[in-house]
Amino acid sequence: MEPTLSRSTASATTNYLPALIFVIGVARRSGTNYLARAIVSHPDVCRPRGHWELPFLEIADQFRDMHRSFVALRGPDRLDFTFAEFASYMGRGLVDGIARRVTVEEQAPFVLHKNPGTGGLEHFRDFFPDSHLILLIRDGRDNLCSMLAAHGKLGRGRRLFNLIRDARLWATSAERIRDHLQRDSNCTLVRYEEMNAQPRKVLAEIAERIGLRADQRWLDSSSTIPVFGSGFLRTSAESNGHLVEEPGPTQWVERDRTEAFQPVGRWHKQLSRTEQKLVHRIIGPMLSEFGYTT
């Protein structure tokens with residue numbers, strides 16, 4: 001059910017509890033900034049002030065330990081709180097905390113939270129049983145190229161170490177997404193490649209799924225969402241001030257989305273043949289599971 005909100009009477013501390021949209025990416029550098037910024041540009045979606053990547057799910061197992069201790073202090077015969085109950089109270093508290101970090105002027109029926117990783121995803125519905133979950137998958141090979149770029153220039157040994165480590169992390173994370181999709185039909189899977197190629201179509205599908213109104217101005221502006229935090233789109237001395245694709249440390253600035261930005265298929269040029277074969281051995285099965293050509 002779509003929440004209602006009177007902007008004229010909403011308070012930053014009371015009576016404002018928006019519906020939560022939670023965006024989770026397969027890994028860092030998978031495009032959660034792009035997708036989240038596109039969604040939050042909708043007039044009915046807001047974001048909290050400050051950092052919007054709270055490491056809540058990553059410590060879900062510690063909440064499970066807390067629940068066990070809580071029950072054990074009085075005994076299960078006296079405290080019949082299930083973990084699902086306990087977790088849902090914690091989840092509501094987090095949503096309330098996020099809502100309190102939204103200014104009165106920016107309050108909207110939906111608030112967005114994001115996380116560039118899947119740690120604790122298996123506990124998501126315990127904490128947020130009624131929230132809107134959007135899972136973002138990206139071709140692991142391009143994802144790895146973005147991770148490598150974020151590290152800056154590396155020696156051959158360090159580059160290989162990072163590539164193997166991050167490939168294993170991507171494969172494990174993709175497995176978590178696959179497993180969650182099998183048990184939770186009330187979530188939306190978004191492919192980064194489709195969002196990049198057809199943002200209007202993808203956002204319209206997300207809006208229909210979670211109950212956002214199909215705001216035409218929002219959809220029409222989706223193709224001009226700036227690039228933010230890219231490890232590739234930058235200006236260089238050789239480009240005479242023009243934007244070019246050039247790997248390097250992440251630049252947390254907004255860039256106009258131009259034809260120079262080509263985030264899909266970079267791996268063909270960015271990974272050597274030897275690196276491609278190595279990566280395929282690690283992430284190939286999960287690439288196939290999500291329909292990526294291997």
Side-chain angles (χ1 to χ4, degrees), residues 1-25 30-57 88-116 121 124-125 127-136 184 186-190 192 194-196 198-229 252 254 257:
M1 179 182 296
E2 184 171 345
T4 57
L5 172 69
S6 172
R7 290 178 183 265
S8 60
T9 60
S11 166
T13 56
T14 59
N15 302 324
Y16 173 58
L17 195 62
L20 177 66
I21 301 172
F22 207 125
V23 174
I24 293 180
S30 61
T32 55
N33 256 310
Y34 173 38
L35 179 59
R37 286 160 69 87
I39 296 173
V40 86
S41 67
H42 190 288
D44 289 339
V45 183
C46 62
R47 58 161 291 180
R49 289 176 289 107
H51 198 62
W52 61 346
E53 295 177 356
L54 303 181
F56 189 78
L57 286 176
S88 69
Y89 303 152
M90 295 294 178
R92 286 182 215 167
L94 181 68
V95 176
D96 178 69
I98 291 173
R100 289 169 185 263
R101 294 180 68 85
V102 177
T103 63
V104 174
E105 295 77 18
E106 294 178 337
Q107 286 176 357
F110 295 85
V111 66
L112 188 141
H113 176 67
K114 66 182 283 289
N115 208 36
L121 178 59
F124 181 85
R125 286 300 171 197
F127 288 97
F128 309 105
D130 302 316
S131 296
H132 304 285
L133 174 60
I134 299 173
L135 297 171
L136 177 65
D184 184 2
N186 190 29
C187 61
T188 302
L189 177 68
V190 173
Y192 175 85
E194 293 178 4
M195 178 64 190
N196 181 70
Q198 297 179 291
R200 196 179 193 282
K201 175 178 178 292
V202 171
L203 291 177
E205 291 172 350
I206 290 174
E208 181 177 3
R209 185 69 185 267
I210 68 180
L212 277 173
R213 58 190 175 88
D215 186 280
Q216 290 303 311
R217 183 177 298 179
W218 172 62
L219 294 175
D220 292 340
S221 66
S222 61
S223 60
T224 60
I225 297 295
V227 178
F228 180 74
W252 295 104
E254 286 190 351
R257 185 171 293 271

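- Comment: Asp96 does not engage Arg92 in a salt bridge, judged by the lack of any side-chain N to carboxylate O separation of less than 4.0 angstrom.
- Evaluated for a ring pair (Phe, Tyr, Trp, His ring centres under 6.0 Å) with Phe22, the options Trp52, Phe128, Phe110 yield exactly one hit, Phe128.
- Phe228 pairs by the ring-ring contact (aromatic ring centres under 6.0 Å, His included) definition with Trp252, not counting sequence neighbours.
- In this view, Trp218 and His42 satisfy the ring-ring contact (aromatic ring centres under 6.0 Å, His included) rule, not counting sequence neighbours.
- Val102 and Arg47 make their closest contact through CG2-O, 3.8 Å (heavy atoms, listed as atom of the first residue, atom of the second, distance).
- His113 is not listed as a side-chain neighbour of Val95, based on a closest heavy-atom distance of 4.5 Å or more.
- A distance of 3.0 Å separates NZ of Lys114 from CD of Glu53, quoted to the nearest 0.5 Å.
- Of the possible donor and acceptor atoms, one in the side chain of Arg209 sits under 3.5 Å from a partner among the backbone N and O of Cys187.
- A 4.5 Å side-chain heavy-atom check between Leu212 and Leu203 finds every atom pair outside the cut-off.
- Atoms OG and CD, on Ser221 and Gln216 in that order, are 10.5 Å from each other to the nearest 0.5 Å.
- The distance from atom CZ of Phe124 to atom CG of Asn115, rounded to the nearest 0.5 Å, is 10.5 Å.
- Between Arg213 and Asp215 there is a salt bridge, since a side-chain N of the basic residue sits under 4.0 Å from a carboxylate O of the acidic one.
- Using a 4.5 Å cut-off on side-chain heavy atoms (C-beta onward), Ile225 and Pro199 make no contact.
- Distance check, rounded to the nearest 0.5 Å: CZ of Arg200 to CG of Leu219 gives 5.0 Å.
- A pairwise comparison of heavy atoms in Ser41 and Ala38 identifies OG-O, 2.6 Å as the closest pair.
- Considering only heavy atoms from C-beta on, Leu135 comes within 4.5 Å of Leu121 through its side chain.
- Here the side chains of Leu133 and Ser131 are not in contact, with every heavy-atom distance at 4.5 Å or above.
- A 4.5 Å side-chain heavy-atom check between Pro18 and Gln107 finds every atom pair outside the cut-off.
- Heavy atoms only, all atoms of each residue included: Asp184 and Arg125 are closest at OD2-NE, 2.8 Å.
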Problem set entry | Intermediate values then yes/no, side-chain contact (heavy atoms from CB on, under 4.5 Å), Leu35 and Ile206 | CA-CA 11 Å; Leu35 179 59; Ile206 290 174; 4.0 Å; yes
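- Interatomic distance, CZ of Arg257 versus CG of Asn196, reported as 6.0 Å (0.5 Å rounding).
- With respect to Ile24, the side-chain contact (heavy atoms from CB on, under 4.5 Å) criterion is satisfied by exactly one of Leu57, Leu136, Ile134: Leu57.
- Distance OG/Ser222 to CD1/Ile39: 11.5 Å, rounded to 0.5 Å.
- When atom types are taken as modelled, the side chain of Tyr16 and the backbone of Ala108 share a donor-acceptor pair closer than 3.5 angstrom.
- With salt bridges taken as basic N to acidic carboxylate O contacts below 4.0 Å, one links Glu205 and Lys201.
- Enclosure of atom CD in Glu208 is not indicated, since only 12 or fewer non-hydrogen atoms of other residues, nucleotides or ligands lie within 6.0 angstrom.
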